[in-house]
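Basis for what follows: all heavy atoms, side chains included, without hydrogens, waters or symmetry-related copies.
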Number of protein chains: 2
Amino acid sequence: MNRPTIKDVAREANVSIATVSRILNKGVGYSEKTKQHVLETIEKMGYHPNAVARGLINKKTDSIGVLFPNVSGLISAQILQGIEEVAQSHGISVIVCNTASDHKKTMDYLTFLQEKQVDGLLFISQLLTKDYREFIKKMGVPIITISAFSETNDVPYVKVDDEAASYDAVRYLIEKGHTDIGMISGPPTDPLAGHPRIQGYKRALREADLPFIETKMTWHKGFYFEDGQVAFQKLLKSHPSITALFAASDELAISAVSSAYHLGIRVPHQLSVIGYDDTKLAKMSIPPLTTVSQPFEEMGAQATKKLIDSIQSREPNTSLTMPHRIAERESVKNRMAAPNGHV
Amino acid sequence: MNRPTIKDVAREANVSIATVSRILNKGVGYSEKTKQHVLETIEKMGYHPNAVARGLINKKTDSIGVLFPNVSGLISAQILQGIEEVAQSHGISVIVCNTASDHKKTMDYLTFLQEKQVDGLLFISQLLTKDYREFIKKMGVPIITISAFSETNDVPYVKVDDEAASYDAVRYLIEKGHTDIGMISGPPTDPLAGHPRIQGYKRALREADLPFIETKMTWHKGFYFEDGQVAFQKLLKSHPSITALFAASDELAISAVSSAYHLGIRVPHQLSVIGYDDTKLAKMSIPPLTTVSQPFEEMGAQATKKLIDSIQSREPNTSLTMPHRIAERESVKNRMAAPNGHV
DNA sequence: TTGAAAGCGTTACCAG
DNA sequence: CTGGTAACGCTTTCAA
């Protein structure tokens, strides 16, 4: 025997399906008596409405698509956690999509999500290019980016101010008495986490009348541990004198700490390092990593709230710049401290 | 103007909707000529089939639900990556659900997924209790657990053999010449990652004629970094003599390494530690962590393949025990080595 | 307060 | 090879 439908309930309760539907969805249009009776039979039969049929007629599936460039990372996972939580509390299902930063894959997924009739889209840590935007416009569903923005500048985002956050990180180093500061960056061409962070680094230097030296900023492909290894080597070779290092991600930072350890360079005594992201990693590092903290989970939650708002109100949304802060731990030495002051 | 439907395409192409449908889904029932023509108008109009309507009539939504006790962890993220990849390649959408290991939340989600008419379920790192099983049976969709199993013993799983893996880990320590080996475990009452790993530890000790001493195995709530801190303190207080430590997770292991560092105990010189999981963390630790490697991504992928098989064949599935291995890095000292042999 | 029936976009059966 | 039509499970007019 198949799962009962609204029809079965109606027959069993001796009412019409219209009445059952009203009881389930509307506040009016039936007597208290029939309501009780119908609710009882529903309970008895173990009836559950079919969301697919509902979606067809309502033109609303109560589902959203979330596109990540990579789902297995710490950051994605934390953002997803925030998304899932508020979606869940609104009875909305979240469909995860891994684009691998690939154009074709992203397009395919967009098409897929269109066919699935999702009510909205969340676009994470990936530049929303013109053609993606074009396609999404045709889909006619609201979209918000997280830790990203659109080339077309007409889609709301939820992110921290990367330039300002980087500035603050380097500023922090300077305030601790450092004047010879290197940076391990991501690709300068990366408009999301590359370029702006470099800009922040430069500005902090400039405002403190410290010279910006091209080769004191190195990078290698991405923001991962392995990238850090090679970038750090490069940096150290040309500038062994640096006393502090700003890394554009926690993985990059930890990679530097690890390399330093193997080279016998003590952190923070000989080299201070500050990271970026404040993933779980930061706390677990030896020494615990001082880093720029981004509220990833909260970002996921806020963006999802906004998206759901947009879906319900059919109004466009506004962007939101999230606050960042320096999570002070033990990887930065205070050179201003009294000579006997450790750390 | 709304998105075109199959009806619009039919009208525009001067054929019936049946013909359009056939062209889209069947290999036969139309001439090459009309096929070309219809395909062209589809292209021209930018038509995309509505998966919701399809789902309604086919009683198949091409979507699966994935239940995690926690989505923000490294392990979940890696498993999810594997799931997403094979689902994607089969045109199936994955709906993520965070149960927070909570009974009510899990039940709510199960109900939700039932209404959404998902075609199958993946249950991750969480004991599938009798009542969950009951409910899922009523749903009538296939289910597979990953890194977990069912109380009722009638649902296929994909997991490593935890007892054997733990045994191997401790055995590895013993082979490196260690005889005084402590363990930081998860809760012994945890049937998934607690109990079996403890059993493996005990068996390895027993087979090597080493005594099992109750207090040489400590734990504190869970498998996270913070848990490790307190468990390690406890262990060290009663057994400062241990030369090696088996931790039931990488976070636990790294926590111990970190605590040891702060106490001036050098790893691996004074204390060897072996972890469990081989998450990204392991490589980033100082020193890089030797650990039991679980192929999480592969586990997610295999389970999803099996699930999709079950969905298509409507046949029950079989369990799969995945291979584990010791990922040798630098946190274990070889006490058998020549006296001048480092590490 | 209630029921009949149209319709959401699709597939599949049955005629022709 | 092609078209008409019932059906999937539900919501929503419109009448009664």
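- Residue A:Asp8 contributes atom CG, which lies 8 Å from atom P of D:dG9 at whole-angstrom precision.
- Contact annotation for B:Val28: no contact, since no heavy-atom pair falls under 4.0 Å across all strands.
- Taking the charged nitrogens against the carboxylate oxygens, B:Lys104 and B:Asp108 do have a contact shorter than 4.0 Å, which makes a salt bridge.
- By the neighbour-count criterion of 12 heavy atoms within 6.0 Å, atom CD of A:Glu297 is densely surrounded, having more than that number from other residues, nucleotides or ligands.
- A:Ile23 has its CD1 atom 14 Å from the C1' atom of D:dT11, to the nearest Å.
- If you take OH of A:Tyr30 and P of D:dT12, they are 13 Å apart, rounded to a whole angstrom.
- Protein atom NE2 of B:His37 is 15 Å distant from nucleotide atom C1' of D:dT2, rounded to whole Å.
- Fit an axis to the five pairs at each end of the helix from C:dT1-D:dA16 to C:dG16-D:dC1 and the two axes sit 40° apart, to the nearest 10 degrees.
- Using a distance-only test at 3.5 Å, with no hydrogens or angles considered, a donor-acceptor pair links the side chain of A:Lys306 to the main chain of A:Thr318.
- Between the side chain of A:Asp119 and the backbone N or O of A:Thr61, at least one donor-acceptor pair lies under 3.5 Å.
- At the phosphate of C:dT2, OP1 or OP2 sits under 4.0 Å from a side-chain N or O atom of A:Thr34.
- Within the structure, the side-chain hydrogen bond (donor to acceptor under 3.5 Å, both in side chains) test picks out the following pairs touching residues 38-47 of chain A (sequence neighbours left out): A:Glu12-A:Lys44.
- Taking only side-chain nitrogens and oxygens, A:Thr19 comes nearer than 4.0 Å to OP1 or OP2 of C:dG3.
- Contact of the A:Ile146 side chain with the A:Ile83 side chain is registered, since non-hydrogen atoms from C-beta on lie closer than 4.5 Å.
- The pair A:Lys116-B:Asp62 does not count as a salt bridge, with every side-chain nitrogen at least 4.0 angstrom from each carboxylate oxygen.
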How would nucleotides 6-16 of chain C be written as a contact map, 5' to 3', with B for base contact, S for sugar-phosphate-only contact and - for no contact, using protein heavy atoms under 4.0 Å? -BBBBBB----
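- For NZ of B:Lys138, the number of neighbouring non-hydrogen atoms (other residues, nucleotides, ligands) closer than 6.0 Å is 12 at most.
- Taking atom NZ of residue B:Lys60 and atom P of nucleotide D:dA7, one finds them 24 Å apart after rounding to whole Å.
- Separating the CG atom of A:Asn2 from the P atom of D:dG9 is a distance of 8 Å, rounded to the nearest angstrom.
- Between the side chain of B:Thr145 and the main chain of B:Ile124, no donor-acceptor pair closer than 3.5 Å is present.
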